[in-house]
2 protein chains.
Amino acid sequence: MDIKKTYSISELAKEFDVTTRSVRFYEDQGLLHPTRRGQTRIFSSKDRVRLKLILRGKRMGFSLAETKELFDLWDETLSGNEKQLLLMLDTLARKRAQLEQQKNDIAQAEMEMDTAEARCREALAELQKKKRQQAKAKKEEPESIEQK
Amino acid sequence: MDIKKTYSISELAKEFDVTTRSVRFYEDQGLLHPTRRGQTRIFSSKDRVRLKLILRGKRMGFSLAETKELFDLWDETLSGNEKQLLLMLDTLARKRAQLEQQKNDIAQAEMEMDTAEARCREALAELQKKKRQQAKAKKEEPESIEQK
DNA sequence: AAAATACTTTACGTTTACGTAAACTTTATC
DNA sequence: GATAAAGTTTACGTAAACGTAAAGTATTTT
């Protein structure tokens with residue numbers, strides 16, 4: 001099963017480049033469930049996976065609350081209760097719709113960036129042309145005439 | 001040029017399903033620049049486009065500050081200054097990288113949703129099978145025997 | 001002219017996702 | 001056994017993105 005190891009808070013924090021404060025906060029919000037040895041938190045590889053999912057969720061614009069809902073829902077889904085299974089399928093469908101929207105947004109953004117980039121390059125080319133013309137003018141009339 | 005119309009705050013708010021408060025806030029943060037007739041704001045179609053971009057940015061997980069940076073950068077880019085042009089190209093490249101990351105995240109999420117959905121359907125199928133077996137059992141032994 | 005409607009500014013309140021500091025244990029190192 | 005290193009709790013602070021009155025102006029409708 002996976003890597004079957006356990007992790008300290010700073011190991012996880014370092015691996016995913018977050019602060020320990022964040023990790024503790026995620027536990028506080030019920031997104032992670034480390035066990036304890038005395039006071040110290042011990043994170044399982046399941047926690048590690050969840051942390052990864054949390055961060056990906058954030059990059060995709062999901063709030064911690066949303067991510068937690070998904071986690072909880074999935075946990076209840078595993079209970080095998082029919083109602084929960086159907087609820088999960090429904091939720092998955094809605095999330096898919098969200099992802100579709102995001103993909104559209106990204107595609108749009110990429111197109112606009114394409115045209116923006118094209119315009120930049122055109123403008124740059126224009127500038128270069130002017131520069132070359134200036135250079136040429138200098139060549140033909142090397143001594144510039146100063147006029148008050 | 002576009003639709004060459006002007007818009008009231010509530011027109012825009014309604015069209016994009018945001019509150020007027022939000023629109024005013026975006027102005028406050030320097031993302032929109034309506035003119036005034038007396039006190040009242042008058043939004044141009046450029047503002048309308050920007051509002052659309054703001055909201056898309058939000059869906060893509062961009063902060064207002066990030067979006068504003070892009071707006072400002074683009075405005076300065078239009079000045080045609082070479083340094084600004086190069087800066088814009090650089091920024092575009094970085095944004096593209098971000099979008100790539102997001103696309104990866106989405107693809108990953110979709111894969112995981114596929115397997116999650118498959119598991120749900122399997123579990124549901126299991127439940128249906130059990131139900132059918134129960135029904136069959138009832139048929140063969142129609143009178144259920146109650147035992148204290 | 002009174003009332004309703006649409007706008008405005010000012011300003012304090014709220015949620016999310018942590019940052020940051022203080023004060024305290026526990027474990028490892030010299 | 002002192003001290004540094006890594007962990008802990010408690011708790012106040014903060015930035016972002018608005019929400020939510022409160023109180024006033026301007027215009028349109030009745």
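Chain A is the first sequence line, chain B the second, and so forth, proteins listed ahead of strands; every chain is numbered from 1. Note that the structure is a prediction, hence the values are computed from the model and not measured.
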Nearest listed nucleotide, side chain of [X], among [options]:
X: B/Tyr26; options: D/dT8, C/dC18, D/dC18; value: D/dC18
X: A/Gln39; options: D/dA17, C/dC7, D/dT8; value: D/dT8
X: B/Leu64; options: C/dC18, C/dG19, D/dA17; value: D/dA17
X: A/Phe25; options: C/dC18, D/dT9, D/dC18; value: C/dC18

Could you check whether A/Thr20 gets within reach of a base, just the sugar-phosphate, or nothing at all, counting any heavy atom under 4.0 Å?
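No contact at all - A/Thr20 keeps every heavy atom at 4.0 Å or more from the nucleic acid.
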Looking at every strand, decide which applies to B/Arg36 at a 4.0 Å heavy-atom threshold: base, sugar-phosphate, or nothing.
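Sugar-phosphate, no base atom in range.
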Does [N] have its OP1 or OP2 closer than 4.0 Å to a side-chain nitrogen or oxygen of [X]?
X: B/Thr19; N: D/dG19; result: yes
X: A/Arg41; N: D/dG7; result: no
X: A/Lys58; N: C/dT16; result: no
X: B/Ser10; N: C/dC7; result: yes

Using a strict cut-off of less than 4.0 Å between a Lys/Arg side-chain nitrogen and an Asp/Glu carboxylate oxygen, indicate whether A/Arg94 and A/Asp90 qualify as a salt bridge.
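So A/Arg94 pairs with A/Asp90 through a salt bridge.
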Residues A/Arg96 and B/Asp114 bridged, charged N to O under 4.0 Å
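A salt bridge is present here (some side-chain N lies under 4.0 Å from a carboxylate O).
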Do the numbers put A/Arg50 on top of the ring of A/Phe71, so that NZ or CZ is under 6.0 Å from the six-membered ring centre and no more than 45° off the axis?
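So A/Arg50 does make the cation-pi contact.
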Answer yes or no for A/Lys68 and A/Tyr26: cation-pi contact, defined as NZ/CZ to six-membered ring centre under 6.0 Å and angle to ring axis within 45°.
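No, a cation-pi geometry is absent between A/Lys68 and A/Tyr26.
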Whole angstrom value for the distance that separates P of D/dA6 from NZ of A/Lys14
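Value for this atom pair: 8 Å.
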Check this for me: does the side-chain of B/Arg21 come within 3.5 Å of the base of D/dT20 through a donor and an acceptor?
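Pair found.
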B/Thr40 or A/Thr40: which one's nearest nucleotide on DNA chain C is closer to the 5' end?
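Nearest nucleotide further toward 5': that of B/Thr40.
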Could you pick out which residue, B/Arg37 or B/Ala65, lies toward the 5' side of DNA chain D when each is mapped onto its nearest nucleotide?
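Checking each residue's closest nucleotide, the 5'-ward one belongs to B/Ala65.
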